[in-house]
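As structure tokens, the structure follows; a few thoughts come after it.
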2 protein chains.
Amino acid sequence: MPPQKQVANLGDIARALGVSVATVSNALSGKGRVSASLIPRVREMADRMGYVPSLAGRALRTGRTGVLGLVLPDIANPLFPQIAQAIEFAASSAGYGILIGDSRGDSSVQTEAIHRLVERGVDGLVVVPRRGTRISESDCPVAVIDSPSTPGNTVSADHWQGGALIGAHLAAFGHRRVLLLGNNPASAVQNDRLAGMRDALSGHAETETLWIEPLEAERGVGSVLGLADYAARGFTAIAAVSDLHALRAFTELHRAGFRVPEDVSVTGFDDFSWSGVITPALTTVRADMQRIAAIAVSSLVRVIEGRDNVDEDGLVVSTEAARVPMQLIARQTSGPVRRASPEDNDKTE
Amino acid sequence: MPPQKQVANLGDIARALGVSVATVSNALSGKGRVSASLIPRVREMADRMGYVPSLAGRALRTGRTGVLGLVLPDIANPLFPQIAQAIEFAASSAGYGILIGDSRGDSSVQTEAIHRLVERGVDGLVVVPRRGTRISESDCPVAVIDSPSTPGNTVSADHWQGGALIGAHLAAFGHRRVLLLGNNPASAVQNDRLAGMRDALSGHAETETLWIEPLEAERGVGSVLGLADYAARGFTAIAAVSDLHALRAFTELHRAGFRVPEDVSVTGFDDFSWSGVITPALTTVRADMQRIAAIAVSSLVRVIEGRDNVDEDGLVVSTEAARVPMQLIARQTSGPVRRASPEDNDKTE
DNA sequence: AGAGTTTGCTTAAACGTTTAATCGGCCGCA
DNA sequence: TGCGGCCGATTAAACGTTTAAGCAAACTCT
């Protein structure tokens, strides 16, 4: 049994107005040749009958569904809400819907998730790749977010510049010894961030880098990082590569009797949702997700609608391979270095 | 110009095998009468030609798109990843896709978001309502998550029981004075949680409740909550209604010189993604989102596929109006009350 | 005024699927 | 042998849209 029609379709409008379906279609889309007087009548009748175009019918005919797939390495990632919200906004502003595909951290699941989305007929994909994911595979347009490694089809936050922002911030506060806190030495993103910090600090402060993951591999997960020692050695600032690690640094320092930011400044990265709520609120740097999403979606839409240049792999080529600047959020965990009472602790001046 | 076909369709397979499209369709779906010998041949040919059914064609014919809409009050909510991931998993296991609709906190946007999803032809909606949202409106099946107020069509975590879990946990640790930290006194969810805590603590400890939002309305957002005073008055545990507020409590206490959990235990709610990663890891309670999502999706699917009972508003009725039990995650921020030096504070033993 | 062009609409086909209706052949049965 | 029934397939219509092609009438131009 074919489904009984719920709402008005083009045929109903055409019948009510005594014209043909094609005319109604043309009138509504403004494409063919329709008399100027008829257009408002069609519009009004469509409104009155509560017409909503059948996306299925249109999709079948045009081959386009008006849906974009959003592929994420792991929805549980705390950065994801920002991305998802921005993408959803950008897409729906452009008249597209967002179908989500989660790969739950498994990169083999990721290609499978991509396949499912493609089979569902998405017009394009926005992919946030997991380290070491092969994307192309399919012949549908793809925009990649935040994988600075694959050039040409990518839009990402300018991690280097973000790091430089932090570096300059700390330099301006007069810090002379800054500990850089990374997690995984293999992460391109983290190295970009750290490189930006080092560059902005060079000439102002000496830096040292501590990697958490290798250290935990040795001493056990969740072990003390020994930040108190660094503070005792005269480091007055700790710049972490993520808010998560900044919080960890903050608590560890605090526990060891150092005050933030009076004794040691601490900075993070990414501005997670809680970063402004804690006391003291975390100084951090955030990506302009709205803009990143807008660029990703619009370049995708350009390819989908106008036939833009697409290389043989279906990857978007013409995209301004953008690096979107990040923004410093100076809050309470960073401040000027205080040398009031060096003898408070056993630091040597 | 009609889009040139990319992949094989039913017609191609039929031609290659010298049979009719209807037969191929029947063979693949196992519906009509097809000779047993033909079925594997069709299957194999379909595989070999890389056939993927056109969802658009099927949707047009059957009126079903195989897509569920997920409507969220605010994607930026840190609880969202859990929900989205669980729903996506449940839906894709059932062969459905998930189209997201965010209302960015605005409840008027929410109805509009719902409309967009319905126009896109979703077969059903999973709605996480914002306080005071009218849902029905449309005639498509709806499952509501986590709004305990509207009974009958809802699946939610058992917030009361979750609160009781926390209460019992703190009682077992010997706490005698517990500060309950809520945000908005008007929230049904929060009141459920607090009621559960109070019930489990009654007879073991006295409780007092502090609401953040009213307090911030008075003193300004982000102001100090004065938790140190409570601690000084002999409160040895602070049970928050969300991990966010627990983190805030933790940092504020920490700053005031109290140690967690040695001096004061702190507990949260919801187990956000970062709660186990921070140091010290947060003791909290989490909802079994997998199960909640499975119930929501399966009841939706039952309505969509079999014609289940649906009331005049299109809301799913037959659903076991489930309250899914929550689970205690005891980590590092809670511990036994230490009475090593009772004269530290003015508590009387 | 006749030829060509433009205007405003219609006709018809197509996208790929599902499914009701049909139909010839074969079997069993009286 | 004649007939009803089943089996295995086909034919055809339908879902709602877009769009190329066609066509009569009105308009333009020489």
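In what follows, chains are A, B, ... by sequence order, proteins preceding strands, each numbered from 1.
Heavy atoms of A/Gly18 sit under 4.0 angstrom from primed sugar atoms or phosphate atoms, though from no base atom. Among the atoms of the strands shown, base atoms are found under 4.0 Å from some heavy atom of A/Arg33. Across all strands shown, B/Ser54 has heavy atoms under 4.0 Å from sugar-phosphate atoms exclusively, and none from any base.
Sorted by residue number, the members of residues 34-48 of chain B with any non-hydrogen atom under 4.0 Å from DNA chain D read B/Val34, B/Ser35, B/Leu38.
Distance, B/Leu60 CG to C/dG16 P: 12 Å, rounded to whole Å. B/Arg58 places its CZ atom 18 Å from the P atom of D/dG16, with the value rounded to the nearest Å. Whole-Å rounding puts the A/Arg64 CZ to C/dA14 P distance at 21 Å. At whole-Å resolution of the value, CG in A/Asn26 and C1' in D/dA20 are 11 Å apart. Between the CG atom of A/Asp12 and the C1' atom of D/dA14 there is a distance of 15 Å, given to the nearest Å. For the pair B/Leu28 CG and C/dT17 C1', the interatomic distance rounds to 12 Å; values are reported in whole Å. Rounded to an integer number of Å, the gap from B/Arg61 CZ to D/dC15 P is 8 Å. Atom CG of A/Leu10 and atom P of C/dA14 are 20 Å apart (whole Å).
Side-chain atoms of A/Ser156 do not come within 3.5 Å of backbone N or O of A/Arg323 as any donor-acceptor pair. Between the side chain of B/Asp123 and the backbone N or O of B/Leu68, no donor-acceptor pair lies under 3.5 Å. Panel note: side chain A/Thr62, backbone A/Arg58; a donor-acceptor pair is recorded below 3.5 Å. Side-chain atoms of A/Asn9 come within 3.5 Å of backbone atoms of A/Asp12 as a donor-acceptor pair (strictly under, hydrogens ignored). Judged by distance alone, with hydrogens and angles left aside, the side-chain atoms of B/Ser103 form a donor-acceptor pair with the main-chain N or O of B/Leu72 at under 3.5 Å.
Considering only side-chain N and O atoms, B/Ser25 lies under 4.0 angstrom from the phosphate OP1 or OP2 of C/dT18. Between C/dT18 and B/Lys31, no contact under 4.0 Å exists linking OP1 or OP2 to a side-chain N or O. Here A/Thr23 reaches the OP1 or OP2 of C/dT10: one of its side-chain N or O atoms lies under 4.0 Å away.
Applying the salt bridge (charged side-chain N to carboxylate O under 4.0 Å, His left out) rule to pairs touching residues 107-116 of chain A yields A/Glu112-A/Arg116, A/Arg116-B/Glu88, sequence neighbours excluded.
Donor-acceptor pairing under 3.5 Å is recorded for the side chains of A/Gln85 and B/Asp74.
Place B/Gly11 and A/Val24 on DNA chain C by their nearest nucleotides, and A/Val24 ends up nearer the 5' end.
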